[in-house]
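Lettering follows sequence order; numbering is per chain, from 1.
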Number of protein chains: 2
Amino acid sequence: MEGFCFINKKERQEKICAIIRTNEVRTQKELRELLKNQGYDITLATISRDIQELKVRKEYSSNGVESYHLPNNVTEKSTIQKLQQYFSEAILSIEVSGVFVIIRTDPGNAKAIGYMMDSLEWKQLAGVISGDDNCLLLCKTESEAEKVKKKCLEIWGRGRN
Amino acid sequence: MEGFCFINKKERQEKICAIIRTNEVRTQKELRELLKNQGYDITLATISRDIQELKVRKEYSSNGVESYHLPNNVTEKSTIQKLQQYFSEAILSIEVSGVFVIIRTDPGNAKAIGYMMDSLEWKQLAGVISGDDNCLLLCKTESEAEKVKKKCLEIWGRGRN
DNA sequence: TATGAATAATAATTCAAT
DNA sequence: ATTGAATTATTATTCATA
């Protein structure tokens, strides 16, 4: 009678993920407040259960603050999106040379991009070396290198939309 | 008057780390019991504070059970030991070719070794590429490659003792 | 500063209802 | 099966003491 929004379990858990992704949520009570702000009045009992089902856990952020974080397998879902973001902001060129694909980046950005490329686990990628301003993607054959370049260009293109 | 063992903070925290490393500790109360078994009677208040200082956190183990885990930087202390173990069990040869050091391994072992090599953060190592049965360590100069080979051989030698 | 006892805060569970 | 209210369990903090 009092709440404005009805919500089922699936939706609710998605909301919770979204909130955790974008806020530094330190307690379940805090999470409850944030949900309430969006019109969802949910008891702490339910939130506690959702937290467990989603395998959300408290971790230390880089700033040392302890807050709830999504488990890695959920975070990974957005790797492509992060990559698009990075590509659009930091990539200067993508070129092929033999079995290598060379990605030139703004200084300091290559390691992060290399790390994400690696985490994509593309089967064509035998290995990734990252320096300060470039990544070397090693493929087993030249045609695979061409394919990897193409896939990278696609992500790059999408990121710039 | 009642306890058998006196212990200072540093010792106590080391004990706690050791226990957490080797047991599936699910609560601080459980940890307290384990400490008591070893003759250390410590209040939960102190344990709670130690847990925080050590940045020990609850995480999910591979079996899905939630238990206390040491932070990564502490775990890393034993990287060299793990590497020695791996080296002694899985490495076939270590050779230099120009700016590359090539480590041949038993099939399937190169990725893990490469990952650990990378985590050593040796300043001579510009990058690591791992396939299925070999790692390519990229150095900036040939003399650095020689140095890296030497350091690897030392670890290998130690591991085989 | 380090600690324990008491307390407060936080989170998980039980139990009842749907 | 899902949920909330009440309860219990767990963890963090306060306050006093050394």
Side-chain angles (χ1 to χ4, degrees), chain A residues 1-21 23-61 63-71 74, chain B residues 1-21 23-61 63-71 74:
Chain A
M1 215 61 166
E2 288 168 65
F4 284 94
C5 302
F6 296 98
I7 193 168
N8 63 24
K9 186 172 169 181
K10 189 162 171 295
E11 274 184 81
R12 188 185 64 233
Q13 296 194 344
E14 276 167 14
K15 272 281 165 222
I16 288 174
C17 285
I19 288 173
I20 283 172
R21 219 192 305 272
N23 300 68
E24 274 213 337
V25 182
R26 277 169 304 185
T27 66
Q28 297 181 8
K29 203 172 149 199
E30 223 172 278
L31 178 54
R32 188 183 185 198
E33 292 307 316
L34 292 166
L35 283 162
K36 201 174 266 174
N37 292 346
Q38 302 194 16
Y40 306 105
D41 195 352
I42 297 157
T43 60
L44 285 171
T46 299
I47 289 176
S48 172
R49 282 180 206 125
D50 284 341
I51 290 285
Q52 287 175 71
E53 283 183 30
L54 294 167
K55 293 196 183 296
V56 163
R57 282 237 47 88
K58 269 191 199 167
E59 286 170 29
Y60 291 96
S61 311
N63 58 18
V65 175
E66 234 182 334
S67 60
Y68 282 107
H69 283 68
L70 298 176
V74 175
Chain B
M1 213 61 165
E2 288 168 64
F4 284 93
C5 303
F6 296 98
I7 192 169
N8 64 23
K9 187 172 166 179
K10 189 163 171 296
E11 275 184 80
R12 189 185 63 233
Q13 294 194 345
E14 275 166 14
K15 271 282 165 221
I16 288 174
C17 284
I19 288 174
I20 282 171
R21 217 191 306 273
N23 299 69
E24 274 214 336
V25 182
R26 279 170 302 186
T27 67
Q28 297 180 9
K29 203 172 149 198
E30 222 173 279
L31 179 55
R32 189 183 184 200
E33 292 306 315
L34 291 166
L35 283 161
K36 200 173 269 174
N37 292 346
Q38 301 194 19
Y40 307 106
D41 196 351
I42 297 156
T43 60
L44 285 171
T46 299
I47 289 175
S48 172
R49 285 187 279 246
D50 284 341
I51 290 286
Q52 287 174 71
E53 283 182 31
L54 293 166
K55 292 196 184 295
V56 163
R57 280 238 48 88
K58 269 189 198 168
E59 285 171 29
Y60 291 97
S61 310
N63 58 19
V65 175
E66 234 183 334
S67 60
Y68 283 108
H69 284 69
L70 299 175
V74 174

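Considering only side-chain atoms of A:Lys58, the nucleotide from D:dT13, C:dA11, C:dT13 that sits closest is C:dA11. Among the nucleotides D:dT13, D:dT11, C:dT3, the one closest to any side-chain atom of B:Arg12 is C:dT3. Checked against C:dC15, C:dT3, C:dA6, the side chain of A:Arg49 finds its nearest nucleotide in C:dC15. In this structure, the nucleotide among D:dT11, C:dG4, D:dT3 sitting nearest to the side chain of A:Lys9 is D:dT3. The side chain of A:Gln28 has C:dA12 as its nearest neighbour among C:dT3, C:dA12, D:dG4. Of the listed nucleotides (D:dA5, D:dA12, C:dA5), C:dA5 has the atom at the smallest distance from the side chain of B:Thr43. The side chain of A:Lys29 has C:dT10 as its nearest neighbour among C:dT13, C:dT10, D:dT10.
Taking atom CG on B:Asp41 and atom C1' on C:dA2, their separation rounds to 16 Å, with Å as the unit. Distance B:Ile51 CD1 to D:dT10 C1': 12 Å, rounded to the nearest Å. Note: CG (B:Asn8) to P (C:dT3) measures 8 Å, nearest angstrom. Computed from coordinates, the A:Glu53 CD to C:dA11 C1' distance equals 15 Å when rounded to whole Å. Summarising the geometry, the separation between CG on A:Asp50 and C1' on C:dA12 is reported as 13 Å, rounded to the nearest angstrom. Distance CG (A:Leu44) to P (D:dT8): 18 Å, rounded to an integer number of Å. Counting to the nearest Å, the P atom of D:dT2 and the CD atom of A:Glu11 are 14 Å from each other. Separating the CD1 atom of B:Ile42 from the P atom of C:dA2 is a distance of 14 Å, rounded to the nearest angstrom.
Rounding to the nearest 0.5 angstrom, the gap separating the CZ atom in B:Arg32 from the CD1 atom in B:Ile19 is 13.0 Å.
Here the side chain of A:Asn23 pairs no donor or acceptor atom with the backbone of A:Val25 at under 3.5 angstrom.
The pair B:Glu11-B:Lys15 does not count as a salt bridge, with every side-chain nitrogen at least 4.0 angstrom from each carboxylate oxygen. Comment: A:Glu33 does not engage A:Lys29 in a salt bridge, judged by the lack of any side-chain N to carboxylate O separation of less than 4.0 angstrom.
Contact of B:Arg32 with D:dT10 (side chain to base): no donor-acceptor pair of N or O atoms is detected under 3.5 Å. Checked by distance alone, B:Arg26 brings no side-chain donor or acceptor within 3.5 Å of a matching partner on the base of D:dT11.
For D:dT11, neither phosphate oxygen OP1 nor OP2 lies less than 4.0 angstrom from any side-chain nitrogen or oxygen of B:Gln52. In terms of phosphate contacts, B:Tyr40 brings no side-chain nitrogen or oxygen within less than 4.0 Å of OP1 or OP2 of C:dT3. Between A:Ser48 and C:dA12 there is a side-chain polar atom (N or O) within less than 4.0 angstrom of OP1 or OP2.
Heavy atoms only, all atoms of each residue included: A:Tyr68 and A:Ile51 are closest at CE2-CG2, 4.2 Å.
Inter-residue side-chain proximity for B:Leu70 and B:Leu54 is flagged as unmet; no heavy-atom pair is nearer than 4.5 Å.
Contacts of B:Thr27 with the nucleic acid, taken as non-hydrogen atoms under 4.0 Å apart, involve only primed sugar atoms and P, OP1 or OP2.
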